[in-house]
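Model, not experiment: these values are computed from the prediction.
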There are 2 protein chains.
Amino acid sequence: MRYRSRLHAFSELTDADRTAIDALLDQRQRVIAPRRDVVAEGEVPRFVHVVLDGWACRYRQLSDGRRQLLSLLLPGDLIDPYPQAVARSDHAVGTITTMTVAEVAPDALAALGRESATIARALWWNNHVAMGTQREWIASLGLRSARERIALLFCEVYFRLRTSGRCMGRACEFPLTQADLAEATGLTPVHVNRMVQELRRDGLIAWGGRTLTILDLDALCGVASFTPAYLHLDRAVSAG
Amino acid sequence: MRYRSRLHAFSELTDADRTAIDALLDQRQRVIAPRRDVVAEGEVPRFVHVVLDGWACRYRQLSDGRRQLLSLLLPGDLIDPYPQAVARSDHAVGTITTMTVAEVAPDALAALGRESATIARALWWNNHVAMGTQREWIASLGLRSARERIALLFCEVYFRLRTSGRCMGRACEFPLTQADLAEATGLTPVHVNRMVQELRRDGLIAWGGRTLTILDLDALCGVASFTPAYLHLDRAVSAG
DNA sequence: CGGAGCCTTGAGATTTATCAAGGGTAGTGG
DNA sequence: CCACTACCCTTGATAAATCTCAAGGCTCCG
């Protein structure tokens with residue numbers, strides 16, 4: 001089963017809840033080219049965007065041009081998860097691949113949260129997971145080596161895609177370039193390249209084209225010190 | 001004016017809202033010794049803790065002992081900002097100094113959020129700021145140098161304390177040890193020491209005892225590439 | 001007076017960055 | 001169908017930032 005949005009994956013939702021969310025997602029959609037900004041830094045977003053297809057990322061850029069990815073936005077993710085927001089964004093969101101987003105009216109989502117207590121909980125749960133993921137990135141950048149950071153990112157993406165039913169066995173899409181990976185892990189592209197080669201040589205992964213295959217999941221998780229606790233999958237419906 | 005909790009600082013709150021929150025904070029309090037865990041990793045917290053006095057931190061520790069601070073919890077901060085949580089914590093929270101916390105029943109806070117739309121918004125705003133702060137830490141660890149990271153942390157603490165009315169001019173409390181600072185910035189204590197000395201030598205800060213004095217705020221912000229946008233102070237009542 | 005915790009300093013090792021160049025591949029236009 | 005460009009990946013050599021190890025000093029407290 002493939003979830004249209006992360007909210008759908010929340011285990012306590014009723015069928016009626018899921019139908020109501022679907023209705024919101026169908027109201028208004030947009031297709032965005034790769035490498036474009038969806039939300040600029042300082043902008044006040046007019047919609048709650050939900051990624052329906054394709055990948056994007058949050059990022060922050062310093063005045064001297066240095067850029068850091070802050071999180072990956074995969075299919076199903078909410079880009080502006082604040083029903084009541086109307087706040088100036090403190091970071092930018094840009095596409096990586098061609099992306100289809102649903103543009104949901106903040107008021108409509110807020111209304112849904114008031115009508116259904118489970119949807120309200122789903123919104124908080126989604127937030128909880130997003131914060132946990134950010135914390136894991138902090139731990140990654142702060143105390144893991146280059147090799148460990150890269151392994152961690154592979155693990156995270158694999159588990160997240162699997163939750164939403166977007167893996168085939170041990171393989172999944174992975175459309176980032178090595179330069180993107182460098183911006184996500186706080187390393188240089190050159191060094192990322194060497195570490196990726198090492199992971200390949202050690203038989204942990206295969207990665208080429210836009211496909212990542214995890215050849216030895218346990219070993220990769222071990223290298224990354226990865227445990228999926230921060231994804232709070234215990235409250236998610238498993239997609240297999 | 002000194003705010004008891006971050007929620008109090010939300011500019012849209014009415015006096016009635018603030019009184020209601022105060023009532024929650026007064027129900028049950030606890031004093032915790034320095035260097036103790038408030039919430040252990042994997043624990044399901046039974047309360048929403050609010051820091052009334054003293055400092056704490058979120059942290060994550062890998063099996064080999066390496067430890068990374070994930071965020072600082074200053075007076076007023078909510079430790080478990082999920083009214084509906086009842087989720088296993090994916091990280092630990094420990095005190096730095098002696099700390100007084102209010103232990104609020106999650107249900108009571110949730111009820112308050114249902115009764116007052118502004119309190120509900122305040123909870124989301126609080127979350128929004130917490131996420132922004134985590135993103136800034138990611139950007140700090142990912143693309144800033146040692147010197148820049150340390151300067152950034154000083155800036156962040158100063159601005160956050162000022163918002164809640166806990167600065168005297170350019171001076172504020174700063175009870176972290178250099179080893180703590182190292183765990184927050186992903187550096188070694190030795191290197192932190194050298195960078196702090198550099199910042200002192202350059203006349204940017206004075207730091208000793210448990211007091212930090214910012215001697216040249218503009219220059220320090222410049223070194224750190226600090227802009228307080230992520231704190232979303234535009235929706236906070238200024239404490240001066 | 002002794003110990004513990006924290007800060008400071010020095011010297012050498014390691015990780016990662018920087019600079020520079022070459023090769024592969026896919027798409028584009030002639 | 002071929003040349004050409006753009007983008008990405010790869011490799012090597014050297015440099016810089018940060019870590020590691022080791023030791024000494026200061027201050028507070030019992």
Side-chain angles (χ1 to χ4, degrees), chain A residues 33-36 55 62 64-69 94-98 140-154 173-201 205-212 223, chain B residues 33-36 55 62 64-69 94-98 140-154 173-201 205-212 223:
Chain A
R35 310 288 166 183
R36 288 270 188 294
W55 289 33
L62 297 190
D64 57 13
R66 288 180 287 177
R67 194 170 105 127
Q68 172 70 39
L69 300 201
T95 56
I96 291 168
T97 65
T98 300
S140 178
L141 292 163
L143 46 73
R144 281 182 249 245
S145 69
R147 179 186 160 94
E148 293 169 325
R149 286 181 218 175
I150 292 168
L152 182 72
L153 201 72
F154 287 146
E173 228 194 326
F174 197 92
L176 297 198
T177 65
Q178 292 186 0
D180 294 328
L181 200 41
E183 289 183 332
T185 53
L187 302 164
T188 55
V190 172
H191 200 57
V192 165
N193 179 275
R194 298 196 227 261
M195 294 299 111
V196 166
Q197 287 182 58
E198 221 180 84
L199 292 174
R200 284 201 269 243
R201 217 177 300 131
I205 59 156
W207 174 30
R210 317 185 118 204
T211 303
L212 170 69
V223 167
Chain B
R35 309 290 165 181
R36 288 271 187 295
W55 288 33
L62 297 190
D64 57 13
R66 288 181 286 177
R67 193 170 104 128
Q68 173 68 39
L69 300 200
T95 56
I96 291 169
T97 66
T98 300
S140 179
L141 292 164
L143 47 70
R144 281 183 249 246
S145 68
R147 180 185 159 96
E148 292 169 325
R149 287 181 217 174
I150 292 168
L152 183 71
L153 201 71
F154 287 147
E173 226 194 327
F174 197 91
L176 297 198
T177 64
Q178 292 187 0
D180 294 327
L181 200 41
E183 290 183 332
T185 53
L187 302 165
T188 54
V190 172
H191 200 57
V192 165
N193 179 276
R194 298 196 226 264
M195 293 299 111
V196 167
Q197 286 181 59
E198 221 181 85
L199 292 174
R200 285 202 268 243
R201 217 176 301 131
I205 59 156
W207 175 30
R210 319 185 114 203
T211 302
L212 169 70
V223 166

Nearest-Å distance, [atom1] ([X]) to [atom2] ([N])?
X: A:Leu187; N: D:dC9; atom1: CG; atom2: P; value: 15 Å
X: A:Asp180; N: D:dC7; atom1: CG; atom2: P; value: 14 Å
X: B:Leu176; N: C:dG5; atom1: CG; atom2: P; value: 18 Å
X: B:Arg144; N: D:dT18; atom1: CZ; atom2: C1'; value: 18 Å
X: B:Phe174; N: C:dC6; atom1: CZ; atom2: C1'; value: 15 Å
X: A:Arg210; N: D:dC8; atom1: CZ; atom2: C1'; value: 12 Å
X: A:Ile150; N: C:dT16; atom1: CD1; atom2: C1'; value: 11 Å
X: B:Arg66; N: D:dC19; atom1: CZ; atom2: P; value: 13 Å

Sugar-phosphate only, base, or nothing, as touched by B:Gly209 at under 4.0 Å among non-hydrogen atoms: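 No contact.
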Sugar-phosphate, base or nothing in reach of A:Gly186, heavy atoms under 4.0 Å: sugar-phosphate
Nucleotide of [options] approaching [X] most closely (side-chain heavy atoms):
X: A:His191; options: D:dT18, D:dG12, C:dA17; value: C:dA17
X: A:Arg194; options: D:dT10, C:dT18, C:dT9; value: C:dT18
X: A:Gln178; options: C:dT9, D:dG12, D:dC9; value: D:dC9
X: B:Ala146; options: D:dT18, C:dA17, C:dT9; value: D:dT18
X: B:Thr188; options: D:dC19, D:dC9, D:dG12; value: D:dC19
X: B:Thr177; options: C:dA20, D:dT18, C:dC6; value: C:dC6

For A:Leu187, the option from A:Leu181, A:Asn193, A:Ile150 that meets side-chain contact (heavy atoms from CB on, under 4.5 Å):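 With A:Leu187 as partner, A:Leu181, A:Asn193, A:Ile150 yield a single side-chain contact (heavy atoms from CB on, under 4.5 Å), made by A:Ile150.
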A:Thr97 versus A:Trp55, closest heavy-atom pair with distance: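 The answer is OG1-N, 2.9 Å.
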Minimal non-hydrogen separation, A:Gln68 against A:Gly186, with atom names: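 Distance-wise, the nearest heavy atoms are OE1-CA, 3.9 Å.
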Min side-chain heavy-atom separation B:Leu212-B:Glu173 under 4.5 Å: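 When only atoms from C-beta onward are counted, B:Glu173 and B:Leu212 do not touch, as no gap falls below 4.5 Å.
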Pairwise side-chain contact, B:Arg144 with A:Leu62, heavy-atom cut-off 4.5 Å (strictly under):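 They are in side-chain contact.
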side-chain N/O [X] vs [N] OP1/OP2, d < 4.0 Å:
X: A:Gln197; N: D:dC9; value: no
X: B:Asn193; N: C:dC7; value: no
X: B:Arg200; N: C:dT8; value: yes

